[in-house]
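Reading through the structure tokens given below for one structure.
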Amino acid sequence: RLPEHVQVDDPAALKKLAKKLERQQVPLRSDYGYKVSLFSHLHQYSRKSPPTLQISIPATVIHPSIVRLGLQYSQGIIAGSNARSVALLHTFKQVIQDYSTPPNEELSRDLVNKLSPYISFLSQCRPLSASMGNAIKYIKKEISNIPSQCKEEEAKGKLQACIDSYINEKIILASEAISKYAIEKISDGDVILVYVWIHSERKFRVIVVDSRPRLEGREALRRLVKKGIRCTYVLISALSYILPEVSKVFLGAHALLANGYVMSRVGTSQIALVAKAYNVPVLVCCETYKFCERVQTDSFVSNELDDPDDLIVTRNGKSHLENWQTVKSLGLLNLVYDVTPPDFVDLVITDLGMIPCTSVPVVLRVKNVDQ
Amino acid sequence: MEERELVEYFRAQIREDPDVASAVAAIRSLLEFLKRDQSETILGLRENMTKAIQRLEETDSSVAVSSGGELFLRFISLTSLEHPDLSQCKNVMIERGELFLKKISLSRGKVGKLCHTFIKDGAKILTHSSSRVVLKVLENAAADNKRFTVYVTESQPDSAGKLMAQKLHNLNIPVTVVLDAAVGYIMEKVDLVIVGAEGVVESGGVINKIGTYQMAVCSKAHNKPFYVVAESFKFVRLYPLNQQDVPDRFKYKADILKTVKDLNQEHPMIDYTPPSLITLLFTDLGVLTPSAVSDELIKLYL
């Protein structure tokens with residue numbers, strides 16, 4: 001069964017979604033602008049019309065902190081899979097705090113039902129990431145495991161503690177463990193290319209690669225320069241020019257798929273490809289909670305289309321693409337993710353240790369046995 | 001047992017039985033050390049064992065000693081050591097140690113049995129340097145009445161290949177010694193390449209005598225299968241990204257590490273072959289592809 005967010009061009013699926021959202025009293029967000037035909041099966045929203053515009057105040061069905069979170073997602077205020085997951089979990093803590101079991105209902109079943117419209121709303125604001133999906137699965141499991149004789153206050157406290165420990169173990173401590181392993185791989189005198197954020201203390205030089213329209217590399221550059229590390233900043237178009245001087249490439253990942261493919265910011269697979277051509281080792285840093293059971297071999301089937309207006313650039317007072325909607329044959333494509341095959345990745349650094357890309361299913365198997 | 005006695009015992013093991021793998025000799029010495037150890041607590045015992053392993057690594061810097069030692073330590077402490085009496089715990093550990101030793105002494109035979117079926121009648125085999133496991137494989141194949149010829153590289157700087165040629169000659173297997181530089185020349189004549197390994201790393205690559213990487217690259221260019229035979233106690237928790245990433249303590253012999261200041265002037269004794277160049281690995285755990293090695297390592301170590 002295909003998920004609904006990749007069936008936007010199928011009218012039957014759209015009708016089903018509209019019915020479901022109406023039932024849950026969640027506003028349906030409409031797509032914006034002309035979509036390139038290869039990607040017409042995906043949603044494309046505009047930042048100028050967030051779904052929160054259609055919600056009445058005070059919000060009756062949807063908890064206000066969820067509304068706030070949805071707005072933060074759709075406007076891009078909270079971005080990056082770790083930040084989004086942590087914000088989601090904190091908001092769920094707030095929701096659980098304010099929840100009270102209605103009479104003749106059990107917390108373990110009713111709370112899960114209460115969360116469904118919130119999740120639908122959040123996915124209307126911005127499609128859920130793999131890490132958020134895993135976090136939600138975990139919370140739902142924890143809620144349904146609450147024994148029925150447990151008193152409400154006790155149950156709530158237990159759930160809060162579960163969420164806290166999930167954030168601590170899987171996200172915060174995991175990134176520290178990854179830094180520790182990554183540091184082992186950096187030797188004195190190395191020149192490292194980053195498309196992601198990393199922290200360490202050896203003597204090395206960093207080249208930060210950045211790409212439009214998000215230009216997230218600037219934040220990484222700022223932090224590195226503050227630490228006194230020698231940096232160079234290039235745009236992704238200069239990649240083949242600087243790669244001959246690079247000794248290692250560090251990349252981040254949004255999710256690791258079960259067939260060993262790495263799903264990450266668009267541009268990552270390009271960097272991995274060129275690095276392979278120059279025989280430079282490529283290392284991917286990814287926490288285990290981002291591993292997902294999905295299998296994907298290309299970047300088309302499941303992706304995310306960002307606001308096409310982001311591609312409009314104003315230089316010398318002129319914005320050339322301002323009226324792109326009037327040109328019937330023009331479409332602006334702002335892809336968010338792409339998929340890198342495992343042959344281009346030499347090593348994956350996780351909180352469990354260093355593993356080859358092909359061993360992701362083994363980790364998933366070990367994790368399922370644990371649970 | 002003092003460290004000096006331990007090293008003496010280790011050297012004596014190798015002298016008495018030159019056919020034994022250095023890792024097996026190391027584990028025998030560690031077992032003896034465990035039996036004679038006088039510590040009062042489990043923690044003290046573990047500390048002494050770790051120090052003993054380090055001492056043995058300093059004597060013989062091969063990867064196999066390091067991996068064998070670590071696996072031994074993990075295997076004996078894997079049981080629940082909850083007996084209140086230290087001597088009982090020690091007895092459990094010694095029992096498991098003997099079990100481990102028995103298991104790995106049989107590994108070479110298992111590997112030989114698995115691999116010799118891949119050698120067809122009339123095959124021409126290329127191998128590198130002197131490996132006791134490869135010898136066992138070829139011995140089994142010869143015993144199976146298969147006819148094949150072997151090319152062995154000289155493998156400088158210690159000419160270990162000539163030793164291998166002598167041993168094969170004693171088994172009545174036709175063998176030719178070739179120069180290390182002649183690997184590219186001879187590759188079109190051979191049908192398959194079989195090499196041993198000093199260590200198998202997490203990525204599925206192998207660490208072996210210098211010259212193995214060259215042979216692997218040549219066999220890839222000629223589309224000849226490149227097989228590696230190794231026992232499972234050689235699986236080690238390293239993940240080199242390239243030749244430079246292999247730790248120095250494995251690259252050079254133990255005495256050179258202690259005496260020489262500038263290692264850049266020395267020749268490394270081993271190199272790293274990445275998993276993309278290896279067709280299959282034959283181990284006592286079965287016939288594995290390089291990507292399955294990580295799976296096995298996770299099972300062994302976690």
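Below, chains carry the letters A, B, ... as their sequence lines are ordered, and counting in each starts from 1. Only a predicted model underlies this, so the values are computations on that prediction, with no experimental measurement involved. FYI, side chains are in, hydrogens and waters are out, and symmetry mates aren't considered; it's all heavy atoms of this structure.
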Donor-acceptor pairs, chain B vs chain A, cutoff 3.5 Å:
residue: Tyr239(B); atom: O; partner: Lys185(A); partner atom: NZ; Å: 2.4
residue: Tyr239(B); atom: OH; partner: Asp346(A); partner atom: O; Å: 2.7
residue: Asp245(B); atom: OD2; partner: Lys185(A); partner atom: NZ; Å: 3.1
residue: Ser294(B); atom: OG; partner: Ser359(A); partner atom: OG; Å: 2.7
residue: Asp295(B); atom: OD2; partner: Arg365(A); partner atom: NH2; Å: 3.3

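Counting non-hydrogen atoms of other residues, nucleotides and ligands closer than 6.0 Å to NE2 of His267(B) gives a total of 12 or fewer.
Of the two parts of Pro240(B), only the backbone, made up of N, CA, C and O, holds a non-hydrogen atom closer than 4.5 Å to a non-hydrogen atom of chain A.
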